[in-house]
Amino acid sequence: MTKKLMKGSEAIGEAAVQAGCHLFFGYPITPQNEIPEYMSMRLPQVGGTFVQAESEVAASNMLYGAAGSGERVMTSSSSPGISLMAEAISYLAGAELPVVIVNIMRGGPGLGGILPSQSDYFQATKGTAHGDFRLLVLAPWSVQEAANLVQDAFDLADYYRNPVLILGDGLIGQMMEPVEFADSREPIKVLPPKTWAATGHNGSKPRSVINSLFLDPEELERHNFHLKEKYDRMERDEVRYEAHGLDTDYDVLIVAYGTVARVCLTALEELAEEGVKVAMVRPVSLFPYPSAAVREAAAGAKAVLVVELSMGQMIEDVRLAVGRSKPIHFLNRVGGMLISPDAVIDKIRAIEDGSSEEVRHA
Amino acid sequence: MLETVFSRPDALRDVTTHYCPGCTHGTIHRLIAEVLDELGVRERTVGVAPVGCAVLAYNYFETDFHEASHGRAPAVATGIKRARPDLVVFAYQGDGDLASIGMAEIVHCANRGEKVTVVFVNNAIYGMTGGQMAPTTMPGQVATTCPLGRDVDMAGHPIRVSEMLSTLRTPAFVARASVHTPLLAVNAKEMLRRAFSYQVAGRCFSLVEILSTCPTNWGIPPAEATTWLEKNMLPYYPLGVFKTPERGSREPLPLEG
Ligand SMILES: Cc1ncc(C[n+]2csc(CCOP(=O)(O)OP(=O)(O)O)c2C)c(N)n1
Ligand code: SF4
């Protein structure tokens, strides 16, 4: 096991290949072009297939076809491209197909910008597309974690027969860090054989139909309840987060995810040296959201600070977790602007001296 | 000794279809099933059903199936075939599905030369949604969204998919057939057989456009539908083979100068 310096995008691609993903379908969009580029170079080396689709609409439907054949498959895109994949993602969830989708977010709405952002939190966790479904959403904060989460994502997708979304910001895709890949890797779940795959039938197994159409309302209702039961199991078993500084006293609890949380950690460490006590919960799974962890950590704080590269999309989940028991403050930059550790430090000081206004709620 | 001379193909399931009386979707299903049986590929065939009247095709064929979203069957077929090149993959699509919402997918699937077969059912109307204008609706033909008849100044002329796809340089088998008489149905089956054979041999993309009736949304009795097709559609949508892989080359053109 050796450490290798890799760009986030390349590490994501390599992690997928090592997890047994042999098919990739994609369409160019900044800032994630390095993922399809890497796959177009790497997949032929392992006997795999890369297809540059005519659009994200087509790419996501190729993904559907390939996943229905039982293969491990992946696509990646950035915000507007994920919007175009929405219909297919809903079909994937409805037909219960395991796929891994990577969204390297850029600023929006519309064509927006090409710089790092976290503007697709709602899209990822609540309103990806039509219909009653959920994606399992994982948000890395480092290149190493991106690689690990991609590999876990394939296991989770297979286990739950559900699309898993890796939600990264532009920084994750672009930054270079040392990454380590295990020589061999065991799945994190016991994976049943894919007897449901549509690969032709000769009577030795029941006919496979990859489908999300249920014209009988009772049958569709049963299907919806079946999916919900699966999402409930994810909420029970797949919550992931990281806690920092919860073991000592603290006044302010930071909640932040992705690369923003790294900036917050730097601020937290600097403040600790000055004796200002701050803690942090970093959600790694955004669905299921680590609500209990946020609630319990908030109980020990005077105030909660949410830090995001969006207009405050995650505040809703933090509010649901802590209710009105604690004031919630918010720090953000958007449009591709980044947050510095100093900005976080200033905000914490403002919370401490009462000059920061809390987020209003209805 | 009694001899069976006509029976249900193995590739068709023993179920009643939901198609209207006089609709030729069912005839087309049967021809596909006969070809799959005769080529001996049923057990390794995966079909892709469209959104349209044939949305439930997966209930009618005795093969594995994928239900695709509206227009995306060629992309789904691409995914299946790239994942499992050993499978025989066919997409079954209507004219709204293929020539309107899914135009990009069919053009690029054909242009990449995916080794899949597309059966394109052209009935000059949106059947499932209740008779709206399709890209293939005839000039002057009345539809629920062109109550005065298709106005070619506003809606353009009907798209001739087979002609259009045969302009692509990538080798392919492209043909147009009809099934409104027994003799033509025999020809249609031969075209389907050739289309699937090219796929089985790993040769090329293949598409058979089949003219089809929709008495329900054309608003005429089944018997008249056949005559209507012959009189209005046949002259504009000529039958025949438009492209074979033997004609055309995959060599790139040299850069000029
Ligand atoms: C994204 C999307 N848009 C619209 C529809 C509604 N819709 C269902 S079938 C159909 C038209 C089908 O017509 P055609 O492809 O000609 O097939 P036919 O029913 O005539 O066989 C439409 C527009 C849909 N299901 N999905
Ligand atoms: S509506 Fe038209 S295309 Fe659809 S089943 Fe009836 S006749 Fe056939």
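As the structure is a computational prediction, the values presented were derived from the model and not from experiment. Reckoned from all heavy atoms, side chains included, excluding hydrogens, waters and symmetry mates.
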> At a heavy-atom separation under 4.5 Å, does A/Tyr64 approach chain B through its side chain, its backbone, both, or neither?
Replying inline: both
> For A/Glu218, does the CD atom sit with more than 12 other heavy atoms under 6.0 Å from it, leaving out its own atoms?
Replying inline: no
> chain B: which of A/Leu215, A/Val73, A/Val209 shares the most heavy-atom pairs with it under 4.5 Å?
Replying inline: A/Val209
>> Rounded at 0.5 Å granularity, tell me how far CG in A/Asn211 sits from CD in B/Glu67.
In response: 5.5 Å
> What part of A/Leu63 is in contact with chain B, defined as an atom under 4.5 angstrom from a non-hydrogen atom: side chain, backbone, both or neither?
Replying inline: neither
>> As a test of understanding, state which of A/His201, A/Lys205, A/Arg207 forms a side-chain hydrogen bond (donor to acceptor under 3.5 Å, both in side chains) with B/Asp64.
In response: A/Lys205
> Which one, B/Val55, B/Thr63, B/Thr78, leads in non-hydrogen pairs under 4.5 Å with chain A?
Replying inline: B/Thr63
> What part of A/Ala197 gets closer than 4.5 Å to chain B, counting heavy atoms only: side chain, backbone, both or neither?
Replying inline: backbone
>> So which residue, A/Ser69, A/Ala59, A/Ser208, A/Ala66, ends up with the most heavy-atom pairs under 4.5 Å with chain B?
In response: A/Ser208
> What do you reckon, is CD1 of A/Ile114 surrounded by more than 12 foreign heavy atoms closer than 6.0 Å?
Replying inline: no
>> Counting only non-hydrogen atoms closer than 4.5 Å, does B/Ala73 touch chain A with its backbone (N, CA, C, O), its side chain (CB onward), both, or neither?
In response: neither
> Relative to chain B, which segment of A/Thr49 carries a heavy atom at a distance below 4.5 Å: side chain, backbone, both, or neither?
Replying inline: side chain
>> Just to be sure I understand the criterion: a residue of residues 50-58 of chain A counts if one of its heavy atoms is under 4.5 Å from a heavy atom of chain B. Which ones qualify?
In response: A/Phe50, A/Val51, A/Glu54, A/Ser55, A/Val57, A/Ala58
>> Nearest 0.5 Å, please: how far is OH in B/Tyr58 from CG in A/Leu213?
In response: 4.0 Å
> Can you name the closest pair of heavy atoms from A/Gly65 and B/Ile80 and give their distance?
Replying inline: O-CG1, 3.4 Å
>> Could you check whether atom CD of A/Glu186 has more than 12 heavy atoms from other residues, nucleotides or ligands sitting under 6.0 Å from it?
In response: no
> Relative to chain A, which segment of B/Arg84 carries a heavy atom at a distance below 4.5 Å: side chain, backbone, both, or neither?
Replying inline: side chain
> Considering only heavy atoms, which portion of B/Val107 lies under 4.5 Å from any heavy atom of chain A: side chain, backbone, both, or neither?
Replying inline: neither
> Which pair of non-hydrogen atoms, one from A/Gly200 and one from B/Leu87, has the smallest distance, and what is that distance?
Replying inline: N-CD2, 4.4 Å
>> Is it the case that over 12 heavy atoms from other parts of the model lie below 6.0 angstrom from the CZ atom of A/Phe225?
In response: no
>> What verdict does the side chain to side chain contact (heavy atoms under 4.5 Å, CB included) test give for B/Glu105 and A/Asn61, after you've listed the backbone C-alpha separation in whole Å, the side-chain angles of each residue and the deciding distance to 0.1 Å?
In response: CA-CA 10 Å; B/Glu105 281 74 17; A/Asn61 282 284; 5.6 Å; no
> What part of B/Thr45 lies closer than 4.5 angstrom to a heavy atom of chain A: side chain, backbone, both or neither?
Replying inline: backbone
> Nearest heavy-atom pair of A/Gly68 and B/His66: which atoms, and what distance?
Replying inline: CA-CE1, 3.4 Å
> Which pair of non-hydrogen atoms, one from B/Ser69 and one from A/Tyr91, has the smallest distance, and what is that distance?
Replying inline: CB-CZ, 3.2 Å
>> Just verifying a value: how many Å separate A/Met62 CE and B/His108 NE2, rounded to the nearest 0.5 Å?
In response: 9.5 Å
> Shortest non-hydrogen contact from B/Ala83 to A/Glu71?
Replying inline: CB-CG, 3.7 Å
